[in-house]
Amino acid sequence: MMQKAKDKPPNLGIELAGISLKNPVMVASGTFGYGEEYAELVDLNRLGAIVAKTITLKPRLGNEPPRIVETASGVLNSIGLQNVGIDAFINEKLPFFREYDVPLIVSIAGDTIDEYVQLAKTLKGEEISGLELNLSCPNIKYGRKFMFAQDPKTTHQVVSRVRKATSLPLMVKLSPNVTDISSIARVCEEAGADGVSLINTFTGMAIDIESRKPILRQITGGLSGPAIKPIALRMVYEVHRAVKIPIIGIGGIMTAGDALEFIIAGAEAVAIGTGNFVDPLTPIKVIDGIREYMIRNKIKDIKSMVGSLQCRKS
Amino acid sequence: MMQKAKDKPPNLGIELAGISLKNPVMVASGTFGYGEEYAELVDLNRLGAIVAKTITLKPRLGNEPPRIVETASGVLNSIGLQNVGIDAFINEKLPFFREYDVPLIVSIAGDTIDEYVQLAKTLKGEEISGLELNLSCPNIKYGRKFMFAQDPKTTHQVVSRVRKATSLPLMVKLSPNVTDISSIARVCEEAGADGVSLINTFTGMAIDIESRKPILRQITGGLSGPAIKPIALRMVYEVHRAVKIPIIGIGGIMTAGDALEFIIAGAEAVAIGTGNFVDPLTPIKVIDGIREYMIRNKIKDIKSMVGSLQCRKS
Amino acid sequence: MVQIDAKILVNEGIGPQRHKMALYAPQIGRQAKPGQFIHVRVSNNFPPLLRRPFSIHRVEGQKIEILYKVVGKGTEILSEKKRGEYLDILGPLGKGYRLPSATSKISDIILVAGGTGVASLLFLAEAISVANAELSILVLIGAKNREELLCEEDFRRLGCRVEVATENGSRGYKGLASDLLENYLPLSEDRPKPAVFACGPSEMLKRIGKISRKHRFPCQVSLEERLACGVGACLGCVVKAKGSSYTYKRVCKDGPVFDAGELIW
Amino acid sequence: MVQIDAKILVNEGIGPQRHKMALYAPQIGRQAKPGQFIHVRVSNNFPPLLRRPFSIHRVEGQKIEILYKVVGKGTEILSEKKRGEYLDILGPLGKGYRLPSATSKISDIILVAGGTGVASLLFLAEAISVANAELSILVLIGAKNREELLCEEDFRRLGCRVEVATENGSRGYKGLASDLLENYLPLSEDRPKPAVFACGPSEMLKRIGKISRKHRFPCQVSLEERLACGVGACLGCVVKAKGSSYTYKRVCKDGPVFDAGELIW
Ligand SMILES: Cc1cc2nc3c(=O)[nH]c(=O)nc-3n(C[C@H](O)[C@H](O)[C@H](O)COP(=O)(O)OP(=O)(O)OC[C@H]3O[C@@H](n4cnc5c(N)ncnc54)[C@H](O)[C@@H]3O)c2cc1C
Ligand SMILES: Cc1cc2nc3c(=O)[nH]c(=O)nc-3n(C[C@H](O)[C@H](O)[C@H](O)COP(=O)(O)OP(=O)(O)OC[C@H]3O[C@@H](n4cnc5c(N)ncnc54)[C@H](O)[C@@H]3O)c2cc1C
Ligand SMILES: Cc1cc2nc3c(=O)[nH]c(=O)nc-3n(C[C@H](O)[C@H](O)[C@H](O)COP(=O)(O)O)c2cc1C
Ligand SMILES: Cc1cc2nc3c(=O)[nH]c(=O)nc-3n(C[C@H](O)[C@H](O)[C@H](O)COP(=O)(O)O)c2cc1C
Ligand code: FES
Ligand code: FES
C-alpha cells in the first residue's frame with residue numbers, strides 16, 4: 001500500500017470509557033487466558049486491550065469435561081469459569097502484565113451481588129485499566145434459573161452496587177439470551193456503567209446420536225464463533241441506538257471486515273474470542289486490516305467510523 | 001443394509017397432535033413455497049407433512065430486495081411474508097394438494113389477534129390437516145416493537161382465541177429471540193395449543209463495509225441454517241422438559257443425524273427449512289437416514305426415540 | 001427441471017479469473033433454453049452453504065457449458081474442481097429469452113453483453129441463428145479491458161457482427177457497451193426496430209432499459225440477484241416489477257430474463 | 001512454540017485411512033520432544049473451524065512428520081492436501097514424555113501403542129535409543145486387524161523388540177495391546193520395574209493405568225481430548241487429576257503426557 005509523505009497514518013486510537021487504547025481491537029475474556037499463554041506467539045503490546053479470563057472470589061475448578069465441541073462455524077464451551085481465584089490472580093498473574101504496555105481489563109463474576117462488590121473492592125489500587133462485570137456466563141447457574149444479565153432488576157442492582165464500590169472504568173458483559181438486549185443495556189447505563197460488552201455466548205447443545213448423550217458433560221454450553229456473528233451484530237446495532245455509553249462488539253470476529261461491520265454498526269471497540277483459537281494472530285491481522293481499510297478509504301480517524309451505518313430507511 | 005426376512009421394517013409413523021404422519025420429517029414454512037415449486041424434484045408423497053408458506057388475510061407484497069444474504073453456515077432472509085393472501089391460497093394453491101397424499105399444515109399470520117381468528121375461521125372446512133400460528137416472523141413488525149411470541153400475554157390471547165375458533169390441530173411457531181422459551185411454550189399449552197414448532201429465525205444482520213450499508217434492504221433479517229442448530233436444539237431440550245404437547249424441532253437440520261439429535265432432545269417431528277435450498281432431496285435423505293439408523297440400532301418405533309436423551313446429571 | 005450429479009468434463013481458465021466448465025448433463029442439455037441457468041452446489045462443505053447460479057453458456061451434444069468469473073468463495077472453490085469430479089446441479093431453471101417469433105417484424109437482433117453476460121447470449125445467438133437464420137445479429141461486447149473480453153470469436157463464427165468496447169480503451173471503443181448501443185440510435189423510421197437482448201452488470205442493464213424506453217424498441221434483460229432456492233419457493237430473489245401499483249417477481253422463476261418494460265428500476 | 005506456514009513435503013496413504021505427512025518445519029523440529037504435538041489449521045474455510053492436533057511422529061533434519069487417521073472432516077481435508085501446499089501450524093506444543101534419567105534404576109522400557117498411538121511412541125523410541133542406548137525397549141502394538149498395524153518395522157529397525165496384537169487375531173496375539181502388557185506381569189521381584197509409556201484409545205490407557213497401579217510400575221500415558229486453543233488459554237481440554245480433592249489439568253499444556261498415577265479416571 002502506497003502512502004504519500006504528507007499523508008498522516010490513520011488514527012486507530014480510541015478513548016474507551018476513560019481507557020486509552022492504541023487501537024480498538026481487544027481479546028475477549030476466557031479466550032486469551034491470563035495473557036501469558038499467547039505471549040510467545042502474539043506481540044501483546046500491539047493489542048488494544050486484554051480482557052482476562054473471568055475471576056471469582058474463590059478459585060473454581062470449573063465443569064467436568066468434555067467442555068468443548070465444534071459445531072457448524074461455531075464452538076460450544078462449558079468451561080464453567082475455572083479460574084485461580086482473585087488472590088492468586090493478583091499475586092501470580094498480574095505481575096506478568098507489568099512487562100507489557102497494554103491495558104488490562106479484569107473480568108469478574110460472583111454468585112451474589114456481594115461477591116461482585118467484594119471483587120471490585122479487592123481490585124482497588126491494583127494496576128489494571130478497568131473492570132468487566134461478567135453477568136452472562138451460561139455455564140454458571142447462580143442458584144437460580146437465570147443469569148444476572150437476563151433480568152433488568154438484578155442487572156441494575158449489581159451494576160449500581162459495583163459502581164459505588166469502584167472508580168475504575170466499568171464495563172458490563174451482557175447475554176444474548178434475552179428478548180430485548182437494549183433494555184438491559186439501558187439499565188446498565190442508568191446504573192452507572194461506562195460501557196457494555198456485547199455479547200457473551202448463546203446457550204446451545206450438541207448430542208451424540210450413537211450414545212444418545214449430550215456431548216458436553218454439562219449438557220449445555222455457550223455458542224461462540226462466526227455462526228453467531230449476524231445476531232451479535234444486530235444486537236450491537238440495536239443497543240447503539242438505545243444507549244450513549246460505548247459498546248464493545250464481540251461475536252464471531254475473524255477478519256478485519258468482521259470487526260469493521262461491528263464498528264460501523266456502533267461498536268467503539270471489538271473483542272476477539274474464538275478467533276484466537278483458530279489463529280492466534282487474528283487480533284493483529286484485524287488491526288492491520290482495519291488500518292489498510294482506513295488508508296484505502298481515506299479515513300483519518302477510526303472514531304468517525306463508529307455507528308456510521310447508512311440506512312436507507314429507519 | 002441387510003435385513004432378515006423376519007425383521008419388520010422400523011415404524012417411522014407418528015401421530016402428531018392428531019395428524020397421522022408417515023414419518024416425522026416435514027418441510028418448514030416459507031422454505032418450500034406452496035409445494036408445487038419442488039414437486040418436479042421431490043416426491044411430495046414421501047414427506048411427513050408440508051407446512052405451507054405463511055398466509056395472511058390480504059395478499060402481501062413483502063419487503064424490498066435484497067432479501068437474502070449468506071452468512072457463516074447460515075442465511076439471513078427478510079422476505080417479509082410475501083404471499084398471495086388467504087383467498088388466492090384457497091382457490092389457487094390448495095387444489096394442487098388434492099393430487100398428493102401428504103398432510104398439509106397451513107401457517108397463518110395476522111397483524112392483529114382478530115386477523116388470526118378470521119384466518120382460522122376462513123380455513124374451516126378446507127382440506128387441510130392443521131394450522132400453524134406464526135407468531136414469530138422477525139420481518140414483520142405488528143405495529144409495535146415485538147413479535148407476538150416475545151410476549152407471554154399476547155401469545156396466550158392469540159392462541160386461546162384461535163383455539164376457540166377452530167377444531168383443527170393447532171401448532172404455534174415460536175421465536176428464539178426470547179429470554180425463556182419454555183415459559184412461552186407453557187403458555188401455548190395452557191391456551192390449548194396442540195403442539196409447538198421450535199424455532200423460527202433469529203434476528204440478525206450483515207453490513208457491506210464498502211458502502212457501509214446493511215446488505216438487506218430491511219436492515220435486519222432472520223438467521224436460519226446450520227449456524228443456529230445448537231441453540232435450536234437446546235430450546236427443544238428445554239421445552240421438552242416444560243410441556244407435554246408435542247414439539248416440532250426446526251433449525252439447521254441438514255442430515256439424518258441432525259434430525260435425530262432433535263428427536264432425542266424431545267422433538268416428536270422435525271422440519272427442514274434452509275436445507276431444502278441446499279439440496280431439495282434433504283428431507284428424503286433425512287427420512288432414509290433415520291430409517292437406516294433405526295435398523296442399525298434395532299429401534300422398532302421412532303416414538304421410543306423421542307426425548308430419549310441420557311443425561312448423566314440433571 | 002432435474003437434479004443430477006454431473007461429471008466435470010472440462011474446467012479451464014480462459015482469461016483472468018475467468019473459467020469455462022463443461023459438464024456431462026444430457027438430461028439438462030435436452031431441455032435447456034437460452035437464458036436459463038443451472039444451480040450448482042459447489043461444495044458439500046460450507047461455506048458456501050447455498051447453491052450458486054450460472055447461466056447455461058452452450059449445449060453441445062451430451063454436455064453443457066458454463067462460463068464463470070471468480071468473485072468470491074463459491075466460484076473460487078468451483079475453479080479448483082478437477083475434471084472427473086462430480087457436481088450436484090439443478091436445471092435447467094428459470095424462464096429464458098423469448099426468441100423472435102416467425103411472424104414478428106423484427107429483422108435485426110442486437111445482443112449487448114457486459115462481462116460474463118456473454119455466457120447466456122452466446123447460447124441465444126446460436127439458437128437464433130438456427131431458428132431464425134434470416135435475422136442479422138449484431139453483438140456489442142463490453143469489458144474492463146482487452147484481457148477480460150470473452151467469446152468475440154465464438155460470435156463471429158456464428159456469423160454475427162461484433163463490436164467491442166473496453167473501459168480503458170485497450171480494444172475497440174473506449175467506454176461501455178451501452179454507449180455502443182446508443183451510437184446505433186436513434187433508428188431511422190423507415191426500417192423495423194431491432195430486438196435487443198442484454199445481459200451484464202445491473203448498472204448496464206438499467207442504462208439499456210432506459211434507452212429502450214426512450215427509443216421504444218423491444219428489449220429483454222437477464223438479471224442477477226442473490227438466490228437461495230433457485231426454484232421459486234423462497235421468494236428471496238425478487239425484483240420490483242410493474243403491477244397494479246407494483247409487484248415483486250422472482251429472478252429465478254419469473255426470470256432471470258424480463259422485458260425491460262416490466263421492471264421498476 | 002512458533003506459528004509457521006509449513007510446506008507439505010509428503011502426504012501419502014500408508015494403510016486404510018492412515019496417512020503420513022512430512023512438513024518442512026526446522027523451527028519446530030529443533031525444539032520438538034517426543035510426546036509433543038502440532039496444532040494444525042487444516043483449512044482456511046470452515047468446518048473445521050478449530051485447529052486439529054497431531055503428535056509429532058518423527059523429526060528428520062529440517063522436516064517433521066505426523067501420522068494420522070481419517071476420522072472426520074478435518075482429517076479428511078488434511079488427507080486431500082497436496083505436496084507443495086502450505087499448512088499453518090503451531091508447535092511444538094504440550095509437555096512430552098519424561099525420558100528416563102541417567103541415574104534412574106530403569107532398565108526396561110515398554111511402549112504400548114494402540115492405533116495411531118504409535119505416532120508419538122516411535123519418536124520416543126528414537127529418543128531413548130539415542131539418549132539411553134543401554135535400555136532395552138519392548139514395543140506392544142495393538143490394532144483392529146493386520147491391515148491397520150503401523151510402524152512395526154520402524155520400531156524393529158531401531159532395535160526394539162516388537163509384539164503385536166490384533167483384535168481379530170489376523171496377526172500376532174488375538175486381543176488388545178493391554179493384554180500383552182498384562183501377560184508380562186506380575187514381574188519378578190528380583191529385577192527393576194519397567195517404565196511404561198502408552199498412547200492410544202482412552203479405554204486402553206485407562207486399562208493400562210489400572211495395571212500400573214496394581215503392579216506399581218512407573219507409567220506415562222499420552223491423552224487425547226477435544227482441544228480448542230491448544231496453548232493452555234481456554235481451559236477446554238481438561239482431564240480430572242489428583243489435587244487437594246481433585247483438580248483439572250489441561251491436556252494441551254500440562255499434558256498430553258501425564259503420569260498415570262496423577263489422573264482420576
Ligand atoms: C440467474 C443467474 C445467472 C448467473 N450466471 C452467471 C454466469 O453465467 N457466470 C458468472 O460468472 N456468474 C453468473 N452469475 C453470478 C454468480 O452466480 C455469482 O457471481 C456467484 O454466485 C458468486 O458466488 P461466490 O460464492 O463466488 O461469491 P460470493 O462470495 O457469494 O460473493 C462475492 C461478491 O459478489 C456479491 N454477489 C454475489 N452474488 C451476487 C448476486 N447474485 N447479486 C449481487 N451481488 C452478488 C457478493 O455480495 C460479494 O460482494 C449468475 C447469477 C444469476 C442469479
Ligand atoms: C494431543 C493430541 C495428539 C493427537 N495426535 C494424533 C496423531 O498423531 N494421529 C492421529 O491420527 N490423531 C491424533 N489425535 C487425534 C486427532 O486430533 C483427531 O482425530 C482429529 O482432531 C479429528 O479431527 P476430524 O475433524 O477429522 O474429526 P471430527 O469430525 O472432529 O471428529 C470425528 C470423530 O472423532 C471424535 N473426536 C474428534 N476429536 C476427538 C477428541 N480429541 N477426543 C474425543 N473424540 C474426538 C468426534 O466426536 C467424532 O466422533 C491427537 C489428539 C490430541 C489431543
Ligand atoms: C472457551 C471460552 C471461554 C470463555 N470464557 C469466558 C469468560 O470466562 N468470561 C466471559 O465473560 N466470557 C467468556 N467467553 C465468551 C467470550 O469472551 C465471547 O464473549 C464469546 O466467545 C463470543 O465471542 P467469539 O464469537 O469471538 O468467541 C468464553 C468463550 C469461550 C469460547
Ligand atoms: C427464506 C425463508 C423464508 C421463511 N418464511 C417463513 C414463513 O413464512 N413462516 C414461518 O413460520 N417461517 C418461515 N421461515 C422460517 C423457517 O420455517 C424455519 O423456522 C427457519 O428457517 C429455521 O429452520 P432452518 O434452519 O432449517 O431453515 C422462513 C425461513 C427462510 C429461510
Ligand atoms: S431463489 Fe428462491 S424464489 Fe428465487
Ligand atoms: S485446548 Fe485450550 S487449554 Fe487446552
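Letters go in sequence order (proteins before strands), and every chain restarts at 1. Atoms considered below: every heavy atom in the structure, side chains included; atoms not considered: hydrogens, waters and symmetry mates.
Crowding of D:Lys210 atom NZ: a count of heavy atoms from other residues, nucleotides or ligands under 6.0 Å not exceeding 12. Counting heavy atoms of neighbouring residues, nucleotides and ligands inside a 6.0 Å radius, atom NZ of A:Lys22 exceeds 12 of them. The 12-atom threshold is not exceeded at NZ of D:Lys33, counting heavy atoms of other residues, nucleotides or ligands nearer than 6.0 Å. Few gaps surround CZ on A:Arg212; more than 12 heavy atoms of other groups in view lie less than 6.0 Å from it. The number of heavy-atom neighbours closer than 6.0 Å to CZ of A:Phe96, taken from other residues, nucleotides and ligands shown, is above 12. The 12-atom threshold is not exceeded at CD of A:Glu127, counting heavy atoms of other residues, nucleotides or ligands nearer than 6.0 Å.
Listed options A:Thr31, A:Asp279, A:Leu281 were ranked by heavy-atom pairs under 4.5 angstrom with chain D; first place goes to A:Asp279. The residue among A:Gly62, A:Pro280, A:Gly30 with the most heavy atom pairs within less than 4.5 Å of chain D is A:Pro280. Comparing A:Ile68, A:Thr71, A:Val69 by how many heavy-atom pairs each has under 4.5 Å with chain D, the most go to A:Ile68. Between chain A and the options D:Lys253, D:Gln3, D:Arg41, D:Lys240, the largest number of non-hydrogen pairs under 4.5 Å is found for D:Gln3.
Taking 4.0 Å as the cut-off between side-chain N and carboxylate O, A:Glu70 and D:Arg51 do not count as a salt-bridged pair.
Scanning both residues, D:Gly236 and A:Ile79, for their nearest heavy atoms gives CA-CD1, 3.5 Å.
Remark: D:Leu49 CG to A:Phe277 CZ distance equals 10.0 Å, nearest 0.5 Å. Here the straight-line distance linking atom CG of A:Asn83 with atom CG of D:Leu235 works out to 9.0 Å at 0.5 Å rounding. Atom SG in D:Cys229 sits 9.5 Å away from atom CG in A:Asn276 (nearest 0.5 Å). In this structure, CZ on A:Arg60 lies 12.0 Å from OH on D:Tyr248, to the nearest 0.5 angstrom. Residue A:Asn77 holds its CG atom at 8.0 Å from SG of D:Cys234, rounded to the nearest 0.5 Å. Between D:Leu90 atom CG and A:Leu41 atom CG the span is 5.5 Å, to the nearest 0.5 Å.
In this structure, chain A has a heavy atom under 4.5 Å from the backbone of D:Val2, while its side chain stays farther away. At a 4.5 Å heavy-atom cutoff, the contact between A:Ser73 and chain D is made by backbone and side-chain atoms alike. For A:Leu61, the parts lying under 4.5 angstrom from a heavy atom of chain D are both the backbone and the side chain. Both the backbone and the side chain of A:Glu64 come within contact range of chain D, each with at least one heavy atom under 4.5 Å from a heavy atom of that chain. Only the side chain of A:Thr274 comes within contact range of chain D, judged by heavy atoms closer than 4.5 Å. In this structure, chain D has a heavy atom under 4.5 Å from the backbone of A:Phe32, while its side chain stays farther away.
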Q.
Would D:Arg226 and A:Ile215 count as a side chain to side chain contact (heavy atoms under 4.5 Å, CB included) here? Give the steps.
A. CA-CA 11 Å; D:Arg226 292 162 202 270; A:Ile215 294 183; 3.9 Å; yes
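A:Glu40 places a side-chain N or O within donor-acceptor distance of the main-chain N or O of D:Met1, the cut-off being under 3.5 Å.
The shortest distance between side-chain heavy atoms of A:Val75 and D:Leu50 falls below 4.5 Å.
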